[in-house]
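The model shown is predicted, which means the values in this text are computed figures rather than measured ones.
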Amino acid sequence: MKKLLALPLTFALAASALAACGPQEGTTSTGGKKEDSSKKPEKLVIWEDQEKGVGTKDAIKKFEEKHGIKVELKEIPMLDQQEKLRLDGPAGKGPDVITTPHDRIGPLAIEGLITPVEVSDDVTKLYTESSVNALTYDGKLYGLPKSTETPVFIYNKKMMDKAPESLEDLMAYAKGDKGGAQYGYLANWTDFYFAHGVLSGFGGYVFKEDNGTLDPKDVGLANEGAVEGLDYITSWYKEGLFPKGIIGEKAGSTIDGLFTEGKAASVMNGPWSFQGYKDAGIDIGVAPMPKLPNGEYVKTFIGVKGYNVSSFSKNQEWATKLVEFITNEENAKVRYEKTAEIPPVVSLMEDPIIADNEAAKAVAVQSERGVPMPNIPEMAEVWVPAANALQLSATGKSKPKAALDSAVKTIGQNIEANHKK
């Protein structure tokens with residue numbers, strides 16, 4: 001789910017117009033009349049991500065047996081569901097429940113494609129606070145968490161006995177013998193997705209958050225903390241600890257190549273990389289990110305996949321009950337066993353199934369320390385200016401403060417131009 005908001009959101013410019021076309025909260029597409037969704041339906045339809053249905057089938061069977069409602073499961077690539085719902089929903093052919101990455105929640109809500117869910121505090125407290133916040137837009141909850149992911153510290157056990165406690169220790173290691181590697185540590189810190197954790201850990205932020213609502217007019221990427229964070233990132237380049245080839249679009253693949261070839265002892269990457277590293281014959285160790293020089297945690301972006309209720313569903317209350325059921329502790333555990341997607345369920349964080357799995361535990365812990373990637377449409381305007389600032393500073397073409405000041409100015413101008421309300 002890495003950096004999904006960086007993908008083109010072609011409908012973002014027309015969001016306000018599209019919102020008028022979608023059904024209003026509490027209504028469906030049947031003339032705007034409130035549906036009596038408490039009446040038990042014969043069938044519910046859920047769109048699951050491709051090749052992930054295996055993790056949901058057992059829960060669906062139990063739900064059918066408990067409530068006497070047939071649940072039809074369709075596997076559709078997660079990133080295709082938004083467009084398909086836009087077409088199928090108004091035509092009455094859409095699902096009751098979809099699954100989507102949290103950074104699309106804002107655009108989906110604005111367009112009127114998904115509806116807020118009403119659940120009790122006893123339900124929301126089952127999940128980590130960060131995962132619930134990730135699925136909240138404009139103060140309203142738009143689904144329940146399915147899984148979480150975030151970048152972590154990955155190392156070659158042949159070159160590094162254990163993960164360092166701090167990035168200061170890691171820098172010292174990178175300046176030493178490096179276990180025989182050419183580089184001690186590599187991170188794609190000219191990509192804002194990865195660099196955010198450092199800037200945020202020093203006190204920077206993308207949009208100011210207030211009780212679940214993000215303010216796109218308050219961008220904190222040029223404040224004192226963010227500048228300090230970029231200055232620290234730049235020091236790795238100034239010291240020659242990162243090669244020149246890990247700047248720009250090809251940085252990620254270059255890092256992967258150096259790590260799998262045994263030329264880098266450790267890297268910053270996400271759970272999507274684990275299998276590829278193992279297939280390359282690397283005995284990987286995985287840990288939460290080492291602490292920053294200021295003693296704070298690296299506040300990586302976390303991504304949350306959730307189950308959401310379609311605004312076009314005529315059975316929204318039962319659809320919500322289905323979402324509650326398939327994301328509860330018991331069913332989340334089964335889904336993890338079958339898909340390896342880590343559920344942000346508080347009780348499962350200490351369950352041996354995750355606690356005794358080094359990689360899963362690292363992702364779970366780091367996810368609790370991270371920050372949900374902003375889920376509002378304005379986030380689309382952040383990626384390119386932020387990346388430009390990172391690259392200008394890393395290459396010495398601009399001082400950190402000047403680079404970030406310019407980025408924030410551009411972000412503000414783009415938001416003003418493309419997201420007028």
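Side-chain atoms of Asn188 and Asn269 include no donor-acceptor pair closer than 3.5 Å. Of the N and O atoms on the side chains of Ser347 and Glu329, at least one donor lies less than 3.5 Å from an acceptor on the other residue. Side-chain contact, Ser393 with Ser398: no donor N or O sits under 3.5 Å from an acceptor N or O. Between the side chains of Thr300 and Tyr193, no donor-acceptor pair is found at a separation under 3.5 Å. Side chain to side chain, Ser166 and Asp169 meet the donor-acceptor criterion of an N or O pair below 3.5 Å. There is no side-chain donor-acceptor pair under 3.5 Å between Glu324 and Asn328. Side-chain contact check for Glu368 and Thr128: no donor-acceptor pair (N or O, by modelled atom type) lies under 3.5 Å.
Under the side-chain hydrogen bond (donor to acceptor under 3.5 Å, both in side chains) criterion, Glu358 pairs with no residue at all, not counting sequence neighbours. In this structure Lys61 satisfies the side-chain hydrogen bond (donor to acceptor under 3.5 Å, both in side chains) test with no other residue, sequence neighbours excluded.
Taking OH of Tyr307 as the reference point, atom CD1 of Ile114 lies at 15.0 Å (rounded to 0.5 Å). To the nearest 0.5 angstrom, Thr339 atom OG1 is 12.0 Å from Glu51 atom CD. Note that CG of Asn156 is 5.0 Å distant from CD1 of Ile282, once rounded to the nearest 0.5 Å. Put simply, CG on Leu85 and NZ on Lys93 are 12.5 Å apart, with the number rounded to the nearest 0.5 Å. Going from atom CG of Asn294 over to atom CZ of Phe202 covers 4.5 Å, rounded to the nearest 0.5 Å. Lys305 NZ to Arg104 CZ: the interatomic distance, rounded to the nearest 0.5 Å, is 12.0 Å.
Between Asp405 and Lys409 there is no salt bridge, since no side-chain nitrogen of the basic residue lies less than 4.0 Å from a carboxylate oxygen of the acidic one. Salt bridge status for Lys70 with Glu42: absent, with no side-chain N to carboxylate O gap under 4.0 Å. Between Lys39 and Glu317 there is no salt bridge, since none of the side-chain N atoms of the basic residue sits less than 4.0 Å from a carboxylate O of the acidic one. With respect to Lys125 and Asp121, no salt bridge is recorded, no charged nitrogen being found less than 4.0 Å from a carboxylate O. Ion pairing between a basic and an acidic side chain is recognised when a charged N comes within 4.0 Å of a carboxylate O; Asp96 and Lys43 show no such pairing. Salt bridge status for Lys333 with Asp351: present, with a side-chain N to carboxylate O gap under 4.0 Å.
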Check against ring-ring contact (aromatic ring centres under 6.0 Å, His included), Phe301 and Phe194: CA-CA 8 Å; Phe301 271 144; Phe194 292 99; 10.0 Å; no
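Aromatic ring centres of Phe259 and Tyr277 lie closer together than 6.0 Å.
With hydrogens and angles disregarded, no donor-acceptor distance shorter than 3.5 Å links the side chain of Ser313 to the backbone of Ser310. Panel note: side chain Arg335, backbone Ile326; a donor-acceptor pair is recorded below 3.5 Å. At distances below 3.5 Å, at least one donor-acceptor pair connects side-chain atoms of Ser273 with backbone N or O atoms of Gly270. Side-chain atoms of Lys40 come within 3.5 Å of backbone atoms of His67 as a donor-acceptor pair (strictly under, hydrogens ignored). Listed for the Ser131 side chain is no donor-acceptor partner under 3.5 Å among the backbone atoms of Tyr127. Glu75 places a side-chain N or O within donor-acceptor distance of the main-chain N or O of Gly53, the cut-off being under 3.5 Å. Under a 3.5 Å cut-off, the side chain of Asp210 and the backbone N or O of Thr213 do not form any donor-acceptor pair. At distances below 3.5 Å, at least one donor-acceptor pair connects side-chain atoms of Ser311 with backbone N or O atoms of Gly112. The backbone N or O of Val71 sits less than 3.5 Å from a side-chain atom of Glu64, completing a donor-acceptor pair. Of the possible polar contacts, none joining the Asp49 side chain to the Pro77 backbone as a donor-acceptor pair under 3.5 Å is found.
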Contacts table for residues 215-222: side-chain donor-acceptor under 3.5 angstrom, sequence neighbours left out:
residue	atom	partner	partner atom	Å
Asp215	OD1	Lys217	N	3.0
Asp218	OD1	Tyr205	OH	2.8

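Trp47 has its side chain out of reach of Val97: every pair of non-hydrogen atoms, C-beta onward, lies at least 4.5 Å apart. Within the 4.5 Å cutoff, side-chain heavy atoms of Leu141 are placed close to those of Val132. Using a 4.5 Å heavy-atom cutoff, the side chains of Arg369 and Lys299 are not in contact. Inter-residue side-chain proximity for Phe153 and Gln366 is flagged as unmet; no heavy-atom pair is nearer than 4.5 Å. In this structure the side chain of Phe207 reaches within 4.5 angstrom of the side chain of Ile415, judged on heavy atoms.
Heavy atoms of other residues, nucleotides or ligands lying less than 6.0 angstrom from CD of Glu129 number 12 at most. The environment of NZ in Lys401 is sparse: at most 12 heavy-atom neighbours from other residues, nucleotides or ligands sit within 6.0 Å.
The residue from Lys57, Lys146, Gln81, Lys74 that alone fulfils the side chain to side chain donor-acceptor pair (under 3.5 Å) condition with Glu48 is Lys146.
For the pair Lys291 and Tyr297, the cation-pi criterion (under 6.0 Å, within 45° of the ring axis) is fulfilled.
Aromatic ring orientation, Tyr185 versus Phe242: tilted (interplanar angle from 30° to 60°). Using the six-membered ring where Trp is involved, Tyr232 and Trp189 have ring planes that are tilted, between 30° and 60° apart.
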